[in-house]
2 protein chains.
Amino acid sequence: MIPETDSRGAQIGEEDGVGPAQAAGPRKRKRLPRNEREQMIVEEAIRFFAEVGFEGQTRELARRLGITQPLIFRYFPTKEDLIERVYQEVYLSRWDPRWEELLEDRDLPLGKRLTEFYKAYTKAIFTYEWVRIFVYSGLKGVNINKRYLALIRDRVFKRVMTELRAAHGLPSPDDVPFSEAELELAWGLHGSIFYIAIRKWIYEVEIPSDIEGVIAAEVENFVLGAPAVVERMISVRG
Amino acid sequence: MIPETDSRGAQIGEEDGVGPAQAAGPRKRKRLPRNEREQMIVEEAIRFFAEVGFEGQTRELARRLGITQPLIFRYFPTKEDLIERVYQEVYLSRWDPRWEELLEDRDLPLGKRLTEFYKAYTKAIFTYEWVRIFVYSGLKGVNINKRYLALIRDRVFKRVMTELRAAHGLPSPDDVPFSEAELELAWGLHGSIFYIAIRKWIYEVEIPSDIEGVIAAEVENFVLGAPAVVERMISVRG
DNA sequence: CATTTTTCTGATCAAGCGCTAATTTACAGT
DNA sequence: ACTGTAAATTAGCGCTTGATCAGAAAAATG
């Protein structure tokens with residue numbers, strides 16, 4: 001998983017099928033059906049904005065696509081509309097509802113569930129494009145970002161802490177609701193893992209090759225350490 | 001610590017002494033000594049670039065300073081020079097060498113040392129300006145960023161793992177060198193804490209008011225869970 | 001082949017960008 | 001109060017930016 005990649009995170013040597021002719025010569029004019037061209041623009045825009053940020057210029061994007069700049073505006077009335085579409089494309093349908101079932105599957109030990117979840121999760125979103133678009137849009141203060149974080153809190157962190165309690169015979173959140181601090185432990189596990197992606201694609205420094213091993217170790221650390229912390233939190237208040 | 005702030009992280013109502021007249025009326029021309037004006041520009045540039053990124057325009061910066069735009073160029077030959085100066089100002093001299101001594105003070109239990117270190121560390125760098133400038137410069141691929149991360153790895157993470165081993169009678173790194181995976185545990189603790197800052201100043205979502213309590217809990221989790229993980233890592237390799 | 005349809009390009013605009021040069025003006029030293 | 005000096009402004013240059021629009025050209029249709 002997470003194969004050897006270049007700094008963009010794309011397979012080395014990749015020049016994917018749909019991909020544009022980067023720095024192609026004066027290609028003959030080619031007409032494409034509306035949907036196809038549109039998709040082409042969106043996909044290259046994702047790569048492009050992920051690389052340089054949303055202030056990247058439409059002329060440079062057009063050059064990478066091997067088309068003229070005004071053509072972009074025949075598909076998206078404004079640059080902002082294109083950016084909005086990029087958000088949709090990046091965030092949409094990368095969420096797998098089966099993750100939530102996995103976290104609740106008490107036939108498996110909690111540690112196993114967590115490693116499996118984070119393996120799947122990181123496989124889906126640990127990409128150059130996703131991580132950088134997420135951070136760029138965060139810096140811009142875009143709303144979709146905050147909605148995503150709320151989703152993760154409700155669908156993942158609450159589940160994780162519910163299961164952690166159950167695994168150690170502690171009261172369910174129905175009886176003793178979560179404190180801010182308790183949920184924060186799940187944020188902590190998540191942060192320790194997501195920070196790997198930040199190091200790789202935002203700071204662009206070397207990270208361990210064996211990401212899955214690191215995830216397993218972080219989860220192990222969490223499973224060994226967190227229950228006692230939760231127990232203390234509950235007993236102190238109760 | 002970390003008082004109630006607005007989204008910029010500045011005290012609400014603050015309009016600090018040196019600060020510029022935001023949106024001031026047509027102020028009378030005011031002459032300042034060279035050093036003073038220079039400092040003024042740098043400080044506002046930090047706030048400004050932290051907010052909008054390094055593509056923020058010199059005209060807007062000048063407006064916030066209550067000066068004309070060409071004046072900036074009498075102090076900094078190019079915009080890039082000003083940005084370079086911003087890096088220096090932000091990163092320089094926020095590192096306290098006493099932190100390193102604290103981590104090695106074996107009169108204190110390791111958990112206590114770690115909480116004290118992270119309290120001090122976050123107090124120094126958990127600011128709107130530092131965190132956002134750090135991420136913006138990371139996205140830009142600036143070198144100073146990578147140097148900072150190398151500093152933290154050598155001065156903090158290696159120390160933390162050395163102390164963790166010592167506290168549990170495990171071999172010193174001189175005898176059994178650190179594996180990538182082992183150092184990664186310290187990265188994990190760091191990530192779980194730094195991610196709080198990212199949530200607050202990059203994503204700009206609500207975070208717990210009691211940061212120190214969260215830090216204490218993360219450290220507790222680490223101290224309870226990590227030793228067993230390290231022990232396994234060492235024994236597996238022989 | 002001729003005609004229609006629709007994609008795509010070339011030329012261009014108005015606004016905004018970093019930066020420069022000439023000029024004005026606040027203040028210190030006498 | 002006068003004068004010299006250096007801080008500050010005014011005006012503007014050359015280039016880039018997102019966006020417009022008339023017309024060229026490729027495919028679809030008959």
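Letters go in sequence order (proteins before strands), and every chain restarts at 1. Predicted, not measured: the structure shown is a model, and the values here were computed from it.
- The side chain of Arg37(A) approaches dC8(C) more closely than any other nucleotide in the set dG10(C), dA27(D), dC8(C).
- One atom, CZ of Arg74(B), and another, P of dA26(C), lie 17 Å apart when rounded to the nearest Å.
- Rounded to an integer number of Å, the gap from Glu36(A) CD to dA28(D) C1' is 16 Å.
- Atom CD of residue Glu101(A) and atom CZ of residue Arg159(A) lie 9.0 Å apart, to the nearest 0.5 angstrom.
- The residues Glu80(B) and Lys140(B) are annotated as salt-bridged, a charged nitrogen and a carboxylate oxygen being separated by less than 4.0 angstrom.
- Of the two residues contacting DNA chain C, namely Arg31(B) and Lys79(B), the nearest-nucleotide position lying further toward the 5' end is that of Lys79(B).
- One interatomic measurement links the two molecules: CG of Leu71(A) to C1' of dC21(D), which rounds to 14 Å at whole-angstrom precision.
- Thr58(B) comes within 4.0 angstrom of sugar-phosphate atoms only, judged by non-hydrogen atoms across all strands, and of no base.
- Note on Phe76(B): nothing from the nucleic acid sits closer than 4.0 angstrom, heavy atoms only.
- Among the candidates Glu43(B), Glu51(B), Glu44(B), the single residue satisfying the side chain to side chain donor-acceptor pair (under 3.5 Å) test with Arg47(B) is Glu44(B).
- Aromatic pair Tyr203(B)/Trp187(A): centroids not less than 6.0 angstrom apart.
- Neither OP1 nor OP2 of dA7(D) sits under 4.0 Å from any side-chain N or O of Tyr75(B).
- Ile67(B) places its CD1 atom 18 Å from the P atom of dT25(C), with the value rounded to the nearest Å.
- Among the heavy atoms of the strands lying under 4.0 Å from Arg34(A) are primed sugar atoms or P, OP1, OP2 only; no base atom is included.
- Taking only distance into account, the side chain of Arg59(A) meets the base of dG18(D) through a donor-acceptor pair shorter than 3.5 Å.
- Here the P atom of nucleotide dC21(D) and the CD atom of Gln69(A) are 14 Å apart, to the nearest Å.
- No donor-acceptor pair closer than 3.5 Å links the side chain of Lys119(A) to the backbone N or O of Ala216(A).
- Rounded to an integer number of Å, the gap from Phe73(A) CZ to dC8(C) C1' is 15 Å.
- Whole-Å rounding puts the Ile72(B) CD1 to dT9(D) P distance at 11 Å.
- At a threshold of 4.0 angstrom between heavy atoms, the contacts of Pro33(B) with the nucleic acid are absent.
- Rounded to an integer number of Å, the gap from CD of Glu38(B) to P of dA8(D) is 12 Å.
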